[in-house]
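A quick write-up on the structure given underneath.
All values derive from a computational prediction rather than experimental measurement. Because only heavy atoms are used, hydrogens play no part in the values below, and waters and symmetry mates are left out as well, while side chains stay in.
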Amino acid sequence: MTPRLSIQSEPFDVAAEIAALTAELGGRAGAIVSFTGLCRDEDGQLSALELEHYPGMAEAEIGRVLAEAASRWPLQGAVAIHRHGLVRPGEGIVLVLAASAHRNAAFEAASFLMDYLKTRAPFWKREHRADGTLGGWVEAMEHDAAAAARW
C-alpha cells in the first residue's frame with residue numbers, strides 16, 4: 001500500500017477522491033471510510049480561515065502518521081489531503097480516506113489519522129472575521145490532545 005498525500009490550496013472533490021481510491025484498489029477493499037473536516041462560519045462570525053503550514057515538514061509528518069496507521073491496521077489504501085491558504089465556510093479543510101478489507105480497521109485508522117493530524121501536523125489557523133477584522137491564531141484544543149492520547 002502506498003498512501004497518497006497532498007497539501008494544496010485548491011478545494012478537493014470528495015467523491016472524485018473516493019472514486020480514484022476505489023479504482024486504484026480494483027475491488028480488493030471491503031470498506032472505505034472517509035472523514036471531511038469543514039470550515040465553520042462560527043454563527044456568521046467567520047468569513048474564512050487562513051491556514052499556514054511548514055512546507056516539507058508538514059508532508060514529512062503526515063507521511064509518518066500515514067505510515068504508522070498502515071503499520072497498526074491492515075490498510076489497503078489511505079489518502080490524506082490538507083488545504084492551506086484561505087478556506088471559506090462550508091469548504092473542506094481536510095480529507096482522510098482509509099480502505100481495508102473490513103470496516104473496523106478502516107474506521108479505526110481514519111479516526112487515528114484525524115486525531116494525529118489535529119495534534120501533530122504543523123498547520124496554523126488564523127481567523128478572518130465577517131466584520132473585516134483579522135482574528136488571532138487559533139489555539140490547540142485540549143480535547144484534541146486527549147483524543148490522540150487514546151492511541
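A side-chain donor from one of His128 and Glu50 sits under 3.5 Å from a side-chain acceptor of the other. Judged by distance alone, the side chains of Ser100 and Arg28 never bring a donor and an acceptor atom under 3.5 Å apart.
Ring to ring, Trp73 and Phe112 are close: their centroids are under 6.0 angstrom apart. Separation of the Phe123 and His82 ring centroids falls under the 6.0 Å cut-off.
When all heavy atoms of Ile18 and Ile32 are compared, the pair lying nearest together is O-CD1, 4.5 Å. Annotation for Arg83 and Ser9: closest pair NE-O, 2.9 Å, computed over non-hydrogen atoms.
With hydrophobic clusters built from ILVMFWY side chains whose heavy atoms lie under 4.5 angstrom apart, Ile7 does not share a cluster with Val79.
Between Arg126 and Leu49, every side-chain heavy-atom pair lies at or beyond the 4.5 Å cut-off. The shortest side-chain heavy-atom distance between Trp151 and Asp115 falls under the 4.5 Å cut-off. Side chains of Glu24 and Arg4 form a contact here, defined as non-hydrogen atoms less than 4.5 Å apart.
Taken to the nearest 0.5 Å, the CD atom of Gln76 stands 9.5 Å off from the CG atom of Leu21. Atoms CD1 and CG, on Ile62 and Leu113 in that order, are 10.0 Å from each other to the nearest 0.5 Å. Atom CD of residue Glu42 and atom CZ of residue Arg40 lie 4.5 Å apart, to the nearest 0.5 angstrom.
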